[in-house]
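Here is how names work: the chains are called A, B, and so on, in the same order as the sequence lines, proteins then strands, and each is numbered from 1.
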Protein chains: 2
Amino acid sequence: MATDPGTGRREATVSDVAMAARVSKATAARALGDYGAVSDDVRDRVQAAAERLGYRPNALAKSMNTGKSNTIGVVIGDIENPFFARATRGISDVAQAAGFDLILANSDEEVDAETAAIELLLDKRVDGFIVTPASSIETRSLQTALAEGRPVVLLDRRAAGMEADTVVADNASGAAAATRHLLAAGHRRIAFISTLGHGEPYASGDDVGSSSVGDRIDGFTSALREAGVEDPAASVHLNARAEGIDVITRKVLGDPDPVTAIIASDSLVGSAVFRTIRELGLAIPDDVSLIAFDDADWTSLTTPPITVVSQPIYELGAESARRLIARIGGAGADAEEFVLAQTLIERGSVGAPPTR
Amino acid sequence: MATDPGTGRREATVSDVAMAARVSKATAARALGDYGAVSDDVRDRVQAAAERLGYRPNALAKSMNTGKSNTIGVVIGDIENPFFARATRGISDVAQAAGFDLILANSDEEVDAETAAIELLLDKRVDGFIVTPASSIETRSLQTALAEGRPVVLLDRRAAGMEADTVVADNASGAAAATRHLLAAGHRRIAFISTLGHGEPYASGDDVGSSSVGDRIDGFTSALREAGVEDPAASVHLNARAEGIDVITRKVLGDPDPVTAIIASDSLVGSAVFRTIRELGLAIPDDVSLIAFDDADWTSLTTPPITVVSQPIYELGAESARRLIARIGGAGADAEEFVLAQTLIERGSVGAPPTR
DNA sequence: CTGAAAGCGCTAACAG
DNA sequence: CTGTTAGCGCTTTCAG
């Protein structure tokens with residue numbers, strides 16, 4: 001199958017170029033691949049011949065020999081989610097500058113899909129992985145990648161016992177800051193809502209399978225505890241994807257003892273909560289206050305604009321790409337954890353709780 | 001470099017498996033690759049040996065022989081743009097189901113970046129391309145891809161004289177529908193704003209380099225012309241990225257003769273226009289009406305929600321992947337153009353023009 | 001600095 | 001059904 005799929009004409013190879021330039025295959029390869037030592041005269045002749053024949057290097061063949069594909073496997077939840085899209089852009093810019101391509105796979109937060117993607121990418125001999133692990137517990141395929149010598153960088157979520165570099169945001173601090181902000185405004189009954197799946201109702205200390213959400217919960221509950229609020233764990237609402245974000249929002253806002261503020265664990269939850277609050281005919285912030293994670297575009301467009309916990313998403317991606325590329329380049333030492341700061345951006349969606 | 005990058009242990013190859021199973025390399029390969037004919041007995045032995053040795057097929061080596069990499073090159077404007085993100089998701093789902101991976105590259109709408117990406121992907125021997133061409137005029141690199149026998153599907157934008165399948169939305173009709181909707185509400189002075197770069201002020205008949213924007217302009221101007229509006233071309237405002245969307249918005253809304261309605265060529269322009277209108281202290285739709293292309297999330301969250309021209313973005317991506325995969329599979333015949341419908345979704349951002 | 005030869009891991013004829 | 005023998009296009013010793 002060495003023929004051009006289109007024209008039936010064979011594509012020019014190093015051999016062809018060598019022949020045309022009247023040098024050996026090895027010399028031509030050296031001139032073309034810009035390695036080893038070649039005299040200027042020969043180099044020119046080879047390059048001219050290559051030009052003339054329309055020579056195009058075969059990266060596959062090169063990879064077979066060198067063991068490097070200059071390709072990074074990126075396995076994320078869903079490229080349609082603005083968080084992942086922006087992080088991917090950060091990865092892409094850094095990777096591209098370093099000469100790496102990206103193979104993209106969506107896991108939809110399913111371990112099985114993630115595993116399948118990683119296996120496939122392993123077969124394709126990617127040089128390393130950037131993954132937002134679907135589970136921080138079931139990480140077998142990531143361990144496999146590591147065992148095969150492919151460095152892995154964990155993005156946005158830590159995973160217990162994985163010897164992999166990790167780049168995350170300081171979710172605990174961000175969540176605590178948001179919670180304290182609400183507390184300071186006088187709120188005592190605050191709901192934290194996330195789509196993350198979790199078998200039981202959340203109980204203090206549960207491992208929720210995603211460190212970013214877990215950390216947010218920790219920051220949230222500890223700020224509540226600090227303020228003397230009883231049973232903070234009861235304010236954590238998971239499974240919002242399965243149960244319906246609107247359903248949960250209606251529940252926490254309903255009788256007998258409605259919350260006066262909601263923290264949305266990401267911008268998708270935030271927009272759904274916002275929508276539901278509006279459908280309920282409630283006013284923000286007069287009837288209910290809202291804080292969402294991520295400074296998504298829409299949050300500054302609504303009336304009122306939404307107070308958010310902003311994360312350096314692009315930088316999260318860029319930094320993980322830098323780490324990975326360093327590892328691929330052979331950087332040694334133990335796995336490190338990079339934590340980037342989150343900042344609270346105050347806008348108009350937080351006010352005093354309603355007096356009844 | 002046949003050693004495992006991590007452990008220094010050699011990875012198991014077909015040869016190793018063959019040896020362990022006491023069969024020839026060819027037989028082992030047949031059993032492993034599930035082609036040719038192998039007796040059940042042998043197959044089991046081989047698979048057992050493979051399991052034991054932790055054999056992992058090398059997709060690179062396979063591609064070298066078969067000439068197929070099962071990889072699609074996706075070259076889009078910017079993965080962070082929700083339009084591209086959603087289209088990419090459509091591509092990804094179809095591709096994955098058919099056993100293809102995606103290599104992703106952002107062009108930022110620059111021909112040079114697009115060309116560089118395509119060259120690199122050609123080197124990597126992708127089986128085909130899905131591209132949102134940065135220019136419908138300068139398509140040399142796409143022609144190269146075609147010449148090398150790699151099918152190309154054009155997504156969202158046509159390109160003159162390219163023998164490539166094309167999947168686009170019916171932008172002319174969508175724009176015309178939006179314009180007529182505004183006309184019917186009584187508007188006569190309507191601005192069309194796009195970020196697309198264009199040397200001169202737009203003149204009727206100009207080739208603007210992007211067929212989707214070009215078609216929208218055509219639909220827009222012809223609807224205006226139908227309604228007897230003079231010099232429709234003067235209402236087309238390009239270069240909004242370079243000049244600043246806010247600058248242009250302020251200009252068309254300023255003296256001496258402000259427009260009473262704006263059509264935003266995509267949701268990014270739409271959000272910037274919305275923001276500027278609000279900064280100007282104007283009310284939608286009382287002072288100015290607004291229609292944006294794409295049913296982006298934020299458009300239903302604002303007050304009032306925005307009337308939009310909705311496109312089947314996911315399907316645009318999915319369909320182009322289907323077309324490409326069919327071509328890769330050898331489907332013959334001439335290049336075809338697929339046109340998907342757009343629909344106007346009426347919300348609250350269109351009203352009668354203000355009376356002064 | 002250049003060339004010859006071997007080999008990366010796999011598939012693809014071609015015999016048997 | 002199975003084995004033998006060639007490659008795919010490139011890099012990489014090892015000589016010279």
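- Side-chain contact of A:Asn106 with B:Ser92: a donor-acceptor pair under 3.5 Å is present, judged by distance alone.
- Comparing B:Ala26 and A:Ala29 by the nucleotide of DNA chain D whose heavy atom lies nearest to each, the residue mapping closer to the 5' end is B:Ala26.
- If you check the side chains of B:Lys25 and B:Thr13, you find no donor sitting under 3.5 Å from an acceptor.
- Under the rule for a side-chain hydrogen bond (donor to acceptor under 3.5 Å, both in side chains), the partners of A:Arg140 that lie at least two apart in sequence or sit in another chain are A:Glu138.
- Considering only side-chain atoms of B:Arg30, the nucleotide from C:dA13, D:dC8, D:dG9 that sits closest is C:dA13.
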Between A:Glu51 and A:Arg56, is the salt bridge (Lys or Arg N to Asp or Glu O under 4.0 Å) condition met? List the steps.
CA-CA 9 Å; A:Glu51 185 90 358; A:Arg56 173 181 303 288; over 6 Å; no
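- With rounding to whole Å, A:Asn70 atom CG is found 16 Å from D:dC10 atom P.
- Whole-Å rounding puts the B:Lys62 NZ to C:dC10 P distance at 10 Å.
- The nearest whole Å value for the distance from the CG atom in B:Leu32 to the P atom in C:dT11 is 8 Å.
- In this structure, A:Met19 places its CE atom 14 Å from C1' of C:dG3, rounding to the nearest Å.
- One can place CG of A:Asn65 at 13 Å from P of C:dG7, the figure rounded to the nearest angstrom.
- Spacing between atom NZ of A:Lys68 and atom C1' of D:dC10 amounts to 16 Å, rounded to whole angstrom units.
- If you take NZ of A:Lys25 and C1' of C:dG7, they are 10 Å apart, rounded to a whole angstrom.
- Remark: B:Ser39, B:Val42 in residues 39-47 of chain B come within less than 4.0 Å of DNA chain D through at least one heavy atom.
- Atom OG of B:Ser69 and atom CE of B:Met64 lie 12.0 Å apart (nearest 0.5 Å).
- Counting distance only, with no hydrogens placed and no angle test, the side-chain atoms of A:Arg125 and the base atoms of C:dG9 include no donor-acceptor pair under 3.5 Å.
- Between A:Ser24 and C:dG3, a side-chain N or O to OP1/OP2 separation shorter than 4.0 Å is present.
- The nucleotide whose nearest atom lies closest to any side-chain atom of B:Thr66 is, among C:dT2, D:dT2, C:dT11, C:dT11.
- At a threshold of 4.0 Å, the pair B:Glu337-B:Arg323 does not count as salt-bridged, since none of the basic side-chain nitrogens sits closer than that to a carboxylate oxygen.
- Contact annotation: the side chain of B:Val168 never approaches that of B:Phe338 to less than 4.5 Å [non-hydrogen atoms, C-beta and beyond].
- Counting only Watson-Crick and G-U wobble pairs whose two distances sit under 3.5 Å, DNA chain C takes part in these stems of three or more pairs: C:1-16 with D:1-16.
- Within the 4.5 Å cutoff, the side chain of A:Pro133 has heavy atoms near those of the A:Leu142 side chain.
- For D:dG3, one of the phosphate oxygens OP1 or OP2 lies less than 4.0 angstrom from a side-chain nitrogen or oxygen of B:Thr27.
- Counting only heavy atoms from C-beta on, A:Val38 has its side chain closest to C:dT2 among C:dT2, C:dC8, C:dC10.
- No side-chain heavy atom of A:Ile72 sits under 4.5 Å from any side-chain heavy atom of A:Val126.
- Remark: C1' of D:dG9 and CE of A:Met64 are 10 Å apart, rounded to the nearest angstrom.
- With hydrogens and angles left out, the side-chain atoms of A:Ser24 and A:Thr27 include a donor and acceptor closer than 3.5 Å.
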